[in-house]
Amino acid sequence: MPVLVVKDGPGPGTQVPAQLQRIPIPLLSPTSDCTGKTVKGRVVHKGPLVSMGEDNYVLKTVIQEEDSQQNMSPEHSSINIILFGALAKDYSESVSQGDMLLVTGFTVGNSPTAQKDKLHACNLQLAGDDAWMYVWPSTVSPRASVPRKRTSPASTEVTKAVKVVKYTYVPLSDLKPGVVVNVYAVVTFFKQPFRTKGTDYCSTLKITDQSNKKVGCTIFCDKLEEHPKIFKMGDVIRLHRVKTQLFNGAISLLTSHGFSVVTFDGMVGSPVVPRTSSGSFKFGEEDCQVVEALRTWAANQSLVPAEPCVPLSAVQPKTYFDLTCQLLATAPVDSSCTLLKVWDGSKCPHPLLDVFVEPNTLEGSPTLSKDMANLTANVLVYDNHVEVARQFKPGSYLRIYNLHAVPGASRLPSNDSGQSDQTGHLGFHLHGGTSYGRGLRVLPEDSPDILDLKRILETFSESDINDSSMFEVWSTPPESFERTCDHTVEQVSLAEVKSRGPPQVFHVQAQLKSYQPQRLYQSLKLFCHKCKTIRDVPDDVTVGGLFSEAQKDIGPCNNGYWTLVLPLPRELPSESPSRTLTLLMSSQLMGKGKAKELIFLKGATLEETCRIASAYSNIVPVTSPQGTMTPLDLSAPFLFRGTKRYYGCKQCSQLKVGESLGEGVEVWDEKSVADALGVQLLQYGLLMKLELQDGTGSLEALLWRDAESFFHVSAEDAAADQEAQDRVQETMDRLCPPGSSTAERPWMDLCLSAYTVEENGQRRACYQICHTDTRGTNPHTHPYAAPSDT
DNA sequence: GATTAGGGTTAG
């Protein structure tokens, strides 16, 4: 008998073993050693006895320490106690609110309700033969205890008016065929609702409970919102009015008349929030206890197989996994396929397949920037899942179940001509069917997993630097910058650099403390040598829009060029009827047999332009607003060469496309094409701000003019090629490993050019890293001692 | 008012 009622005596002493040592409640923590310890307090709340099957009970109670010496607020001296098994039943029968209680043989856990009830962050759990409790009955009529539900109206009315429907829940092991029951269980397998051949949607589940019996469950319901909202294995489910049935020799559960369902997150400690669409379901304190008991039980059962949820950064090719992500954009592909562009804020180590779609068929805005950072996953959703996926709105949060990571599948069904080579790039397929729970659903924004995801995604907008202001502040350094340092200059500390001031070139040894932008694709810039302005590389949506705009010009083009007009077959019924694609070639080049070296293209989409550019050396997209051929708005690339795109300066270009083209040009490359068209070519560059440190201080330095040699990457390659971008990332990861401490970062030999910038009449010193090669970063100990980590 | 499905990879 684990509950000992101490009939007389004012406090513990005679019957409580003397060797037991009491712990004040405020001092309890999950790491407390509870062996031989006791906790004492007055019962301020006693919950109902909840039956979980034969001899299986749970009861929650709260005790408050009255003589707490810790002088703490009352919430820290009140603690939840969860009683299990026979102890719960004994307690229910022999203890009342107001009694004094002393417990021993407990374990301390985190209280899942601490947020809600504002009580102690821990709870005490009592179960099994080791748990004992001593009770001193209250002298002030404890049996006429305070009504449990404080919000109840006058008690006489309650007993008359309210028919309390008491639900009893049957353990799964006790199910008999042919009856209607209520059950509480943990979900071990589930399929999102799918259309049946009949009139309903069907959810297929497998559930289990403390009886360890696994039971299949089939839910038919014509309304999707009335299906169980199950997000992951381990979720807790409450089913009311389900029918038992014998199928293949085993009991299974089936919806019956008046069926209802509520689900809960299965994680121990997460808030017990019922997920339901029903406005009138019953849910009380007892349900909380049952949910918490199931969670605690399931946590020790390894019911859920290896974590199926995998971030993009951990995806292995050829595997199936569940993805939790945000939807960026959708695009219908054909009647049995829809494209979802998604991200989860993590970078996939494998190059991701880029699926090109017409910007005008795309809903939402995937930026090329994100694609460039290898953050955007393209998910092709097939067959039965299309109906669900087409209702998703960009911005919503999704979980995609049993997604297939497929390397090298680089073509859309309708897209059979040569795209840029993406062999080995990872594409994601949600195949048709529902095997292995294949499917997808929107997750509510307040679910725990989505809150985590949001925190990750938010870091992507927080620290975006304003590039133009950064560059204006730093400006282009004056001639002092041209002085070189071959590391023969005397090495100085950062403090000395600051005190000596510009103009000067310094040789320093330093570590990287931080850098901006964190998203390296944002460091990619376009620079005009003539007007010295710098601009961002536009994303595909912007560029695609300019192409769509130019397509509206369907007028003729009379300029003496050799012209080939190709009518395009209609791929979609909605497409405007007579779209044509016009190839124009210089008659002059024709005469020299070099016509194919420079092709002007009118009426093409961005995607078509890219495809054609992969087959011809120089493609110039054009339009002819007044019948005269001219390049597109210079926000768009004026030239496509293979996978590379070249831009012109809007300010400094003076466009000319005459009949005589490129007199004397031998080789057509971006420079000669720009010259021939009167375009002032923009140069790709990498712009970053590095915060350096040594033992003497820290200093911000710009990396711009010599960024390419710093990274051993051409910015132009980085704009077109994921591998080149990866090399930049690898360098930064080497200099500043994610999560690393100062001591772990290598020392760099750097040259700093110090110069003066005037800003609002104020002169200030600025620094730029020059002539520095990061391949030889120096791991040795530095003469200026280890800098502090602050 | 009965029926649907009854877990166990597409093959794009």
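Note on naming: letters A, B, ... go to the chains in the order of the sequence lines (proteins, then strands), and numbering restarts at 1 for each one.
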Whole-Å distance between [N] [atom2] and [X] [atom1]?
X: A:F428; N: B:dG12; atom1: CZ; atom2: C1'; result: 16 Å
X: A:N384; N: B:dT10; atom1: CG; atom2: P; result: 12 Å
X: A:N402; N: B:dA11; atom1: CG; atom2: P; result: 13 Å
X: A:H429; N: B:dG12; atom1: NE2; atom2: P; result: 8 Å
X: A:D322; N: B:dT9; atom1: CG; atom2: C1'; result: 13 Å
X: A:R438; N: B:dT9; atom1: CZ; atom2: C1'; result: 5 Å
X: A:L380; N: B:dT10; atom1: CG; atom2: C1'; result: 13 Å

| task | Check the chi torsion on B:dG8 and let me know: syn if it falls within 90° of 0, anti if not. | result |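 What B:dG8 shows is a syn base, its glycosidic angle lying within 90° of 0.
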
What side chain to side chain donor-acceptor pair (under 3.5 Å) pairs are there with at least one residue in residues 186-197 of chain A, not counting sequence neighbours?
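Of all non-adjacent pairs touching residues 186-197 of chain A, those that pass side chain to side chain donor-acceptor pair (under 3.5 Å) are A:K191-A:T434, A:Q192-A:Y401, A:Q192-A:R441, A:R195-A:Y201, A:R195-A:E387.
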
Whether the side chain of A:Q326 engages the backbone of A:G395 through a donor-acceptor N/O pair (distance < 3.5 Å, no angle test) should be reported.
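It does hold such a pair.
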
Keeping A:R399 on the side-chain end and A:L443 on the backbone end, is there a donor-acceptor pair under 3.5 Å?
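Checking the backbone N and O of A:L443 against the side chain of A:R399, no donor-acceptor pair under 3.5 Å is found.
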
Checklist line | Residues forming a ring pair (Phe, Tyr, Trp, His ring centres under 6.0 Å) with A:F321, sequence neighbours excluded | finding: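 Per chain and number, A:F321 pairs via ring pair (Phe, Tyr, Trp, His ring centres under 6.0 Å) with A:F428.
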
Under 4.0 Å, counting only non-hydrogen atoms across every strand here, what does A:G432 touch: a base, just sugar-phosphate, or nothing?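 Base: the residue A:G432, judged by heavy atoms under 4.0 Å, touches a nucleobase.
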
- Message: For A:K644, I'd like to know if atom NZ has over 12 heavy atoms of other residues, nucleotides or ligands within 6.0 Å.
- Response: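 Enclosed.
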
Gap in Å between the two P atoms, one belonging to B:dA5 and one to B:dG1, rounded: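 Nearest-Å result for B:dA5 against B:dG1 at atom P: 22 Å.
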
Note to self: Roughly how many Å apart are B:dT10 and B:dG6, using the P atom of each and rounding to a whole number?
What the structure shows: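 Approximately 14 Å lies between the P atom of B:dG6 and that of B:dT10.
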
5' to 3', nucleotides 1-7 of chain B under a 4.0 Å protein heavy-atom cut-off (B base, S sugar-phosphate only, - none) gives --BBBBB

Original post:
Within 45° of the ring axis of A:F231 and under 6.0 Å from its six-membered ring centre, is that where the NZ or CZ of A:R275 lies?
Top reply: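 Yes, a cation-pi geometry holds between A:R275 and A:F231.
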
Item to check | Carboxylate-amine/guanidinium proximity below 4.0 Å for A:D322 and A:K232 | outcome: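 No, no charged N to carboxylate O under 4.0 Å.
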
